J.: 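Handing you this structure, nothing more for now.
Because only heavy atoms are used, hydrogens play no part in the values below, and waters and symmetry mates are left out as well, while side chains stay in. Being a predicted model, the structure only gives us computed values, none of them experimental. We name chains A, B, ... by the order of the sequence lines, and we start the count at 1 in each one.
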Protein chains: 2
Amino acid sequence: MRIGELSARTGASRRSLRYYEQQGLLVSARSPSGQRCYDDDHVQRVALVQSFLAAGMSSRTIAQMVPCMTEPNMDRAREALTAMNQERNRLSSTIDSLAAARTALDHLINVNRKFLANVAED
Amino acid sequence: MRIGELSARTGASRRSLRYYEQQGLLVSARSPSGQRCYDDDHVQRVALVQSFLAAGMSSRTIAQMVPCMTEPNMDRAREALTAMNQERNRLSSTIDSLAAARTALDHLINVNRKFLANVAED
DNA sequence: CTAAACGCTCACATCGATGACAAGGGCAAG
DNA sequence: CTTGCCCTTGTCATCGATGTGAGCGTTTAG
């Protein structure tokens with residue numbers, strides 16, 4: 001498939017897909033005329049990249065792990081594992097922060113609910 | 001206290017504190033010479049703002065809720081509640097995304113661990 | 001064959017929170 | 001009064017992912 005179809009299937013813009021490739025997150029075969037050619041596997045790959053980007057990973061970090069996403073690579077597996085574990089920790093503590101923020105928000109929501117209820121009573 | 005001390009106590013840079021004020025996230029009294037004066041309550045307030053910013057809320061969004069953080073305000077309570085609930089949902093789905101990314105990462109980590117173990121066997 | 005739709009590269013623009021720096025005023029200790 | 005440190009406002013720079021548009025080649029349907 002060409003870039004338009006991959007874009008349609010993944011929801012990533014053509015622009016983003018080219019950017020992913022430029023950053024080494026995605027590899028494409030090229031037609032004789034230079035157009036990018038993808039196969040079905042790339043759909044999942046893009047989904048994974050999107051998931052990681054949405055999680056706040058930088059493309060540099062993802063690029064470090066990507067070589068091991070397709071076929072584990074002995075040379076890079078160790079450093080990739082290090083990066084992955086580091087990111088896993090970062091993710092976990094981010095999740096904790098968000099949960100804390102949500103708790104604080106819940107508190108604010110309750111205070112305001114009660115306030116509105118009191119006003120209604122008067 | 002003046003801005004330097006608040007900065008030291010909260011970990012937010014002086015620059016950030018001025019920015020928070022400019023965005024309506026923080027209010028300060030001023031000394032006759034124009035210097036910002038804070039009291040202890042502001043430490044908590046800044047912590048809350050930092051927590052929300054770290055959770056990816058825009059300063060505009062936080063500004064919408066802040067008037068109701070100090071003293072509930074009848075005029076704004078309803079719209080603020082709307083914004084708060086909206087943000088709560090956004091937070092929840094962000095947390096879900098991060099959790100999904102972490103699961104995907106765990107999968108990758110396992111694949112690589114096994115690969116390295118197999119290599120070691122040979 | 002032609003036109004529409006798609007693809008290519010290159011380069012500049014955008015957003016939001018923050019850093020960095022300039023030019024100047026306020027205040028305490030020597 | 002001077003020195004040193006803290007404060008003020010204002011402006012320009014930064015980062016990363018993506019939008020946007022120009023200028024030009026390719027593929028496909030009529």
Side-chain angles (χ1 to χ4, degrees), chain A residues 1-39 42 45-66 83 87 90-91 94 97-98 101, chain B residues 1-39 42 45-66 83 87 90-91 94 97-98 101:
Chain A
M1 87 190 81
R2 285 179 301 169
I3 200 172
E5 190 178 344
L6 185 61
S7 167
R9 283 205 198 168
T10 59
S13 68
R14 296 166 238 266
R15 175 69 173 90
S16 294
L17 293 175
R18 295 195 189 101
Y19 177 74
Y20 297 165
E21 178 170 330
Q22 190 191 342
Q23 300 301 307
L25 313 186
L26 205 55
V27 181
S28 67
R30 295 296 183 113
S31 79
S33 64
Q35 302 198 342
R36 291 170 174 83
C37 300
Y38 304 97
D39 54 35
H42 286 85
R45 167 75 70 106
V46 170
L48 193 57
V49 167
Q50 285 182 306
S51 165
F52 286 162
L53 282 177
M57 294 188 200
S58 72
S59 59
R60 186 171 298 274
T61 302
I62 303 176
Q64 216 173 349
M65 313 182 325
V66 155
E87 279 311 297
R90 206 189 53 75
L91 258 182
T94 302
S97 301
L98 296 211
Chain B
M1 87 190 81
R2 287 179 300 170
I3 200 173
E5 190 177 342
L6 186 61
S7 167
R9 283 206 198 168
T10 59
S13 67
R14 295 166 239 267
R15 174 70 174 89
S16 295
L17 293 175
R18 297 195 189 99
Y19 177 75
Y20 296 166
E21 178 170 330
Q22 190 191 342
Q23 300 300 307
L25 313 185
L26 204 55
V27 180
S28 68
R30 296 297 184 113
S31 80
S33 63
Q35 302 197 340
R36 291 170 176 83
C37 301
Y38 305 98
D39 55 36
H42 285 84
R45 167 75 71 105
V46 170
L48 194 57
V49 167
Q50 286 182 305
S51 164
F52 286 162
L53 281 176
M57 294 188 199
S58 73
S59 58
R60 186 172 297 274
T61 302
I62 303 177
Q64 218 174 348
M65 315 182 324
V66 155
E87 279 310 299
R90 207 188 52 75
L91 257 183
T94 301
S97 300
L98 295 210

J.: Measure the distance from CD on B:Q22 to C1' on C:dA17 and round it to the nearest whole Å.
T.: 11 Å

J.: Rounded to the nearest 0.5 Å, how far apart are CZ of A:R30 and CZ of A:R36?
T.: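 Between atom CZ of A:R30 and atom CZ of A:R36 there are 4.0 Å.
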
J.: Return no unless some side-chain N or O of B:S16 is found under 4.0 Å from OP1 or OP2 of C:dA17.
T.: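 For B:S16, the contact criterion (side-chain N or O under 4.0 Å from OP1 or OP2 of C:dA17) is not met.
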
J.: By side chain to side chain donor-acceptor pair (under 3.5 Å), which residues pair with B:R15, not counting sequence neighbours?
T.: none

J.: Using a 4.0 Å heavy-atom cut-off, write out nucleotides 6-16 of chain C from 5' to 3' as B (base contacted by protein), S (sugar-phosphate only) or - (no contact).
T.: -SSB-B-----

J.: So, using side chain to side chain donor-acceptor pair (under 3.5 Å) as the criterion, who are the partners of A:S97 when residues are at least two apart?
T.: none

J.: With sequence neighbours excluded, tell me which residues meet side chain to side chain donor-acceptor pair (under 3.5 Å) with B:R18.
T.: none

J.: To the nearest angstrom, how far is B:L17 atom CG from D:dC6 atom P?
T.: 15 Å

J.: Reckon B:S13 has a side-chain N or O less than 4.0 Å from the OP1 or OP2 of C:dG19?
T.: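 Yes, because at least one side-chain N or O of B:S13 sits under 4.0 Å from OP1 or OP2 of C:dG19.
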
J.: Could you list the residues that satisfy salt bridge (Lys or Arg N to Asp or Glu O under 4.0 Å) with A:R90, not counting sequence neighbours?
T.: A:E87

J.: Could you work out, with side chain to side chain donor-acceptor pair (under 3.5 Å) as the rule, every residue matching B:E5, not counting sequence neighbours?
T.: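 Residues passing side chain to side chain donor-acceptor pair (under 3.5 Å) with B:E5: B:R9.
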
